[in-house]
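Written below as structure tokens is the structure these notes are about.
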Amino acid sequence: MGSEVEATFTAGDHAFMSRALQLARRGLYTTHPNPRVGCVIVRGGEIVGEGWHRCAGEPHAEIHALREAGERAQGATVYVTLEPCSHHGRTPPCSDTLITAGVRRVIAAMRDPNPKVSGRGLARLAAAGIETACGLLEAEARTLNAGFVSRMEKGRPWVRIKTAMSLDGRTAMASGESQWITGKAARADGQRWRARADAVLTGSGTVLADDPALNVRLSAESLGVAGEVCQPLRVVLDSRWRTPPTARLLAAPGSVLIFGGAEEGRRRAALAAAGAQVETVPATPAGLDLRAVLAALAEREINEIHVEAGATLSGALIAAGLADELLLYLAPALLGDAARGAFVLPGLSHLTERVKLKIDKIRRIGDDYRLVAGIDRNS
């Protein structure tokens, strides 16, 4: 009988799993609501099959790799970035197909985070006599699918807040003027991050002040995807249903969802007539219940949220412990203390209350700098 072993992974194992992760990233913009998964099949030290999951409803990564490998999959080792599925969803279980193909060993980067299925795929393979192992490059695999993992483990999407600011932390002049703090290259890079998200979230204040479209304006070719660019769901938090039916985001390609309060039925009806999906969520004294909003988006299978909002909503998400990551574009300029800040965080009076960040990446983008930082909740 096969079993999951306490594996000591070789340099070759690391190289093949790295290749599987590289393949998985090809689905960065297209797999919603499924995770991004890559697979490599190796026999005699050589890759005989490769595949990645392209989009929901199409074959999973393992199936593409098995098709390429053909009979060479017999007795081979399979490297896959997520535990093979063991249940019928949009497609049949990949674990059964791997068993039928006669593979000898399956190495997964991570278990499926869905508590209903976690471990079952590996267990089914082991019961069929296939040697299994798990945990190779797990951190990288979890990062690639941070949204899917968050939805499965926390019941809410991964929340990334994007802000463009000066080096003194200002996002606009006191008048509201903000176009453009950062340069063209940084703005194009921000579009790529927008494209990888399942939803773009903003507040009604930003809609009223800037009238943004919030759609992805990059071509499929520039993103490296086939067919049309998949537009993320555009979400507006609007407790008083103030969004104008003539707002640009309602005319742009893709779907719009507006969360509001229980009152103002006439305004809500007007937005629905303009093509928006409308949904009422509970309110708190500070505005809409942000946890209820995220839970509702998780129910819609939203994995990753890209927030482009003002200082109040961005600060509220951070203060509520609902923000996971900051995507900051820093321009080499100073706007002065009268300009608008990036985050409204009331009640911070001591350094011990400060929001700590873990800086993951810093990269120069044109004349600006992109900083990716996680919210540090462990210190």
Side-chain angles (χ1 to χ4, degrees), residues 1-31 34-86 91-113 117 119-145 148 223-226:
M1 292 291 290
S3 62
E4 185 175 338
V5 299
E6 188 80 21
T8 299
F9 298 115
T10 67
D13 291 333
H14 279 81
F16 292 131
M17 187 62 80
S18 293
R19 174 56 180 166
L21 285 164
Q22 185 181 38
L23 292 167
R25 293 187 186 98
R26 295 187 182 181
L28 191 65
Y29 306 107
T30 59
T31 63
N34 291 352
R36 300 135 182 167
V37 182
C39 180
V40 170
I41 300 177
V42 177
R43 182 172 173 176
E46 296 184 0
I47 294 176
V48 296
E50 292 186 335
W52 71 95
H53 184 45
R54 291 166 170 78
C55 65
E58 290 196 6
H60 289 182
E62 300 95 318
I63 307 306
H64 284 296
L66 285 169
R67 288 174 179 174
E68 184 174 295
E71 294 183 357
R72 295 173 296 173
Q74 182 81 29
T77 297
V78 177
Y79 298 84
V80 61
T81 59
L82 182 68
E83 174 185 6
C85 63
S86 60
T91 58
C94 291
S95 54
D96 289 356
T97 309
L98 289 167
I99 292 168
T100 301
V103 303
R104 180 183 64 84
R105 187 182 186 211
V106 175
I107 301 176
M110 62 178 287
R111 291 178 182 269
D112 190 326
V117 298
R120 293 182 182 176
L122 291 172
R124 182 175 291 190
L125 293 169
I130 296 171
E131 182 183 326
T132 64
C134 191
L136 176 59
L137 300 183
E138 180 174 0
E140 291 86 343
R142 289 178 67 89
T143 297
L144 180 62
N145 285 304
F148 182 76
L223 292 173
V225 301

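Remember, it's a predicted structure, so these values are computed and weren't measured experimentally.
Side chain of His60 to backbone of Cys94: no donor-acceptor contact under 3.5 angstrom is found. Looking at Thr81, its side chain never comes within 3.5 Å of a backbone N or O of Leu21 through a donor-acceptor pair. Of the possible donor and acceptor atoms, one in the side chain of Thr30 sits under 3.5 Å from a partner among the backbone N and O of Arg54. Under the 3.5 Å distance criterion, the side-chain polar atoms of Arg36 are left unmatched by any main-chain donor or acceptor of Arg26.
In terms of the side-chain hydrogen bond (donor to acceptor under 3.5 Å, both in side chains) criterion, residue partners of Arg104 (sequence neighbours excluded) are, by chain and number, Thr77. Among residues two or more places apart in sequence or in another chain, the ring-ring contact (aromatic ring centres under 6.0 Å, His included) test is passed with Tyr29 by none. Under the side-chain contact (heavy atoms from CB on, under 4.5 Å) criterion, Arg120 pairs with Ser86, sequence neighbours left out.
Here salt bridge (charged side-chain N to carboxylate O under 4.0 Å, His left out) pairs that include residues 132-142, with residues two or more places apart or in two chains, are Arg142-Glu153. Sorted by first and then second residue, the salt bridge (charged side-chain N to carboxylate O under 4.0 Å, His left out) pairs with a member in residues 15-24 read Arg19-Glu50; sequence neighbours excluded. The list of salt bridge (charged side-chain N to carboxylate O under 4.0 Å, His left out) pairs with a residue in residues 62-71, not counting sequence neighbours, is empty.
There is a side-chain donor-acceptor pair under 3.5 Å between Thr10 and Asp13.
In plain terms, the two heavy atoms of Cys39 and Val78 that are nearest each other are SG-CG1, 3.6 Å.
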